[in-house]
Amino acid sequence: MSAPTLSTPSKASPPPRGHHRPAAPGSPREEFTRALRRNISAHGFLIGAVLCFSFFSWYPMVREFVLAFQKTEDGRTTWAGWSNLSYVFNDPAFWQAWRNTLLFTALALLLGFAVPFVVAVVLNEFRHAQGYLRLLVYLPVMLPPVASVLLFKYFYDPGYGLFNRLLEMLHLPAQQWLQDPDISMLSVVVASTWMNMGGATLIYLAALQGIPGELYEAAELDGAGLLRKIWHVTIPQTRLILSLLLLMQIIATMQVFTEPFLLTNGAGPEGSTTTVVYLIYQYAFNFNNYGSAAALGLVLLVVLAGFSAVYVRLSRSSED
């Protein structure tokens, strides 16, 4: 009978060359893989949004910057240096367009910034049918802009327009709303305010409904009237929303185009409604001068960016 033999443990054979061992549980690579699989849809949407924003926002800005220093003649594109900017600054219509744009912005702030806030304060006092009133206020925003502008063009008609009919009922003289250079810009501002006030009104209304009622009760105990409550309670509590919408409205009104283009054919009587964006349109599509159009667009971009930077800086300083 043979003696039993002791078997020695065999050494594990090394993994074949080129084979990678799986990551140990809890390793950084495995955690990253799990997070990537868990958020793969979120990453996909994020990448798609960045690509769309790059294609529709960043690329046009870069292309405009390059085009502002180029000129195209006989199908050949060459570098023009500062000639496009020089042409724009020496054009008399440039300064007139800026004056009209600043006038439109000032009038739009007087009407388009104050009226939605007042309407929101009034709506906030209603306890019944507030939903229907919000729908009524927001209805002009849901209409196509072209339809709204053409509706006001009918109202402004000097012969059978609604506004002149109302003036006749009040025994007041009829007005040439869009033909008079003194009031044509104001007429455009009124139409623009009616078209765009719905969104701002709802934002103001949401901010007003977030103010604690105890503040108004304390103001009433101190003997504050309606105007004092608005000045000392409503405005301070909605200051952030007011400042944000002020900045957005200034940027939007500086780029006005649709209303003067459809109401007064762009230029208006004696050029009274020619805006900067309409002048860009003229350079590009009426004069086929894309370099000057891009140069004027670059000037507008710099002005708005500079204003936004100064406004944000001043807002932060006041908060500190």
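Not measured: the values here are computed from a predicted model. Along the sequence shown, the residues carry numbers beginning at 1.
- Counting all heavy atoms, side chain and backbone alike, Ala174 lies closest to Leu167 at CA-CD1, 4.3 Å.
- Under the 4.5 Å side-chain heavy-atom criterion for ILVMFWY residues, no single connected hydrophobic cluster contains both Tyr290 and Phe69.
- Looking at every heavy atom in both residues, Pro116 comes nearest to Met197 through CG-CB, 3.8 Å.
- For Lys153, there are no salt bridge (charged side-chain N to carboxylate O under 4.0 Å, His left out) partners at least two apart in sequence or on another chain.
- Shortest non-hydrogen contact noted between Arg228 and Gly223 is NH1-O, 4.3 Å.
- When all heavy atoms are compared, the tightest approach of Leu279 to Ala93 is CD2-O, 3.8 Å.
- Thr264 and Ser184 share no side-chain donor-acceptor pair at under 3.5 Å.
- Atoms CD and CG, from Gln282 and Asn289 in turn, are 12.0 Å apart once rounded to the nearest 0.5 Å.
- Ring orientation note: the planes of Trp177 and Phe163 are nearly perpendicular, at an angle over 60° on the 30°/60° scale.
- In terms of modelled atom types and a separation under 3.5 Å, the side chain of Ser57 and the main chain of Ser54 share no donor-acceptor contact.
- Applying the side chain to side chain contact (heavy atoms under 4.5 Å, CB included) test to Leu221 and every residue at least two apart in sequence or in another chain returns nothing.
- Note: the hydrophobic cluster containing Val256 also contains Tyr156 (ILVMFWY, side chain heavy atoms under 4.5 Å, direct or indirect links).
- In this structure, the separation between OG1 on Thr274 and CE on Met185 is 8.0 Å, given to the nearest 0.5 Å.
- To the nearest 0.5 angstrom, Leu301 atom CG is 11.5 Å from Leu296 atom CG.
- Leu166 is listed as a side-chain neighbour of Met169, based on a closest heavy-atom distance under 4.5 Å.
- For the pair Leu246/Tyr311, a side-chain contact is recorded, criterion being any heavy-atom separation below 4.5 Å from C-beta on.
- A donor-acceptor contact shorter than 3.5 Å links the side chain of Ser187 to the backbone of Ile183.
- Using a 4.5 Å heavy-atom cutoff, the side chains of Leu208 and Ile211 are in contact.
- Under a 3.5 Å cut-off, the side chain of Thr101 and the backbone N or O of Val276 do form a donor-acceptor pair.
- No chain of hydrophobic side-chain contacts below 4.5 Å, direct or via other Ile, Leu, Val, Met, Phe, Trp or Tyr residues, connects Met61 to Phe307.
- Asp180 places no side-chain N or O within donor-acceptor distance of the main-chain N or O of Gln176, the cut-off being under 3.5 Å.
- With a 4.5 Å cut-off between side-chain heavy atoms of Ile, Leu, Val, Met, Phe, Trp and Tyr, the cluster of Leu139 takes in Leu135, Tyr138, Val141, Met142, Leu202.
- Taking the six-membered ring where the residue is Trp, Tyr281 and Phe257 present tilted rings, their angle falling between 30° and 60°.
- Side-chain contact between Val190 and Phe155: absent, with no pair of heavy atoms (C-beta onward) separated by less than 4.5 Å.
- Side chains of Tyr216 and Thr234 form a contact here, defined as non-hydrogen atoms less than 4.5 Å apart.
- Between the NZ atom in Lys229 and the CG atom in Leu215 there is a gap of 11.5 Å [rounded to 0.5 Å].
- Atom CG of residue Leu85 and atom CG of residue Asn90 lie 10.5 Å apart, to the nearest 0.5 angstrom.
- Rounding to the nearest 0.5 Å gives a distance of 5.0 Å between CG of Leu300 and CH2 of Trp98.
- Minimum interatomic distance between Ala68 and Asn84 (heavy atoms only, all atoms of both residues): O-ND2, 2.9 Å.
- Put simply, the side chain of Asn164 never gets that close to the backbone of Gly159: no donor and acceptor are under 3.5 Å apart.
- Side-chain heavy atoms closer than 4.5 Å link hydrophobic residues (I, L, V, M, F, W, Y) into clusters, and following such links, possibly through other members, connects Trp95 to Val299.
- The local environment of CD in Glu270 is sparse, with at most 12 non-hydrogen atoms from other residues, nucleotides or ligands closer than 6.0 Å.
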>> Determine whether Tyr283 and Asp91 satisfy the following criterion, side-chain hydrogen bond (donor to acceptor under 3.5 Å, both in side chains), listing intermediate values before the conclusion.
In response: CA-CA 11 Å; Tyr283 283 154; Asp91 187 1; 2.5 Å; yes
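- Ring planes of Phe113 and Tyr204: perpendicular class, angle over 60° (limits at 30 and 60°).
- Crowding of Phe287 atom CZ: a count of heavy atoms from other residues, nucleotides or ligands under 6.0 Å exceeding 12.
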> Would Leu244 and Leu240 count as a side chain to side chain contact (heavy atoms under 4.5 Å, CB included) if you check the C-alpha gap in whole Å, the side-chain angles of each, and the deciding distance to 0.1 Å?
Replying inline: CA-CA 6 Å; Leu244 178 61; Leu240 179 61; 5.6 Å; no
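- Here the rule is side-chain contact (heavy atoms from CB on, under 4.5 Å) with Glu259, and of Val149, Thr273, Thr193 only Val149 fits it.
- Taking hydrophobic clusters as Ile, Leu, Val, Met, Phe, Trp and Tyr residues chained together by side-chain heavy-atom distances below 4.5 Å, Phe104 shares a cluster with Val303.
- Residues Met254 and Val277 come closest through the heavy atom pair O-CG2, 4.2 Å.
- The shortest distance between side-chain heavy atoms of Leu245 and Gln249 does not fall below 4.5 Å.
- Classified by interplanar angle (parallel below 30°, tilted 30° to 60°, perpendicular above 60°), the ring pair Tyr160/Tyr154 is tilted.
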